[in-house]
Amino acid sequence: MIVFMAQVCNFGKEVKKKLVDIDQSQEWLCQKVREDSGLYIDSAYMSRIIYGRCSPDKIIASICKVLDIPNPAG
């Protein structure tokens, strides 16, 4: 049996590092992004963003705002 480990994308690494630095969870981030953007996001959707499987501009912009990290889109 071969098991493939998904790799966290560069943006996802920044998000994870910042969450550790501020001692917050991914679920906390989901809540803050919902409050900031008015868009629904849950932990499964957040995981897809962190692993680079999707990159919705508005949610990524909100994540960057909430965590005070650079937006990879510029």
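This structure is a prediction, so every number in the text was calculated from the model and none was measured. Numbers here simply count residues along the sequence, with the first being 1.
Side-chain contact check for C54 versus R48: some heavy-atom pair is nearer than 4.5 Å. In this structure, P72 and N10 have side chains that are not in contact, with every pair of non-hydrogen atoms separated by 4.5 Å or more. Using a 4.5 Å heavy-atom threshold, the side chains of W28 and V66 count as touching. Side-chain contact between I63 and D36 is absent, with no heavy atoms from C-beta onward closer than 4.5 Å. Side-chain contact between I69 and F11 is present, with at least one heavy-atom pair separated by less than 4.5 Å. In this structure, P56 and Y45 have side chains that are in contact, with non-hydrogen atoms separated by less than 4.5 Å.
Atom CD1 of I50 and atom SG of C9 lie 8.0 Å apart (nearest 0.5 Å). A distance of 6.0 Å separates CD1 in I60 from CD1 in I49, rounded to the nearest 0.5 Å. Rounding to the nearest 0.5 Å places CD of E14 at 9.5 Å from CG of D21. Distance check, rounded to the nearest 0.5 Å: NZ of K58 to CG of L39 gives 6.5 Å.
For NZ of K32, the number of neighbouring non-hydrogen atoms (other residues, nucleotides, ligands) closer than 6.0 Å is 12 at most.
Take R34 and apply the side chain to side chain contact (heavy atoms under 4.5 Å, CB included) test, not counting sequence neighbours, and it matches E27, C30, Q31, Y40, I41.
Between the side chain of S47 and the backbone N or O of S43, at least one donor-acceptor pair lies under 3.5 Å. Side chain of Q24 to main chain of L19: no donor-acceptor pair is present (N/O by atom type, distance under 3.5 Å, no hydrogens or angles).
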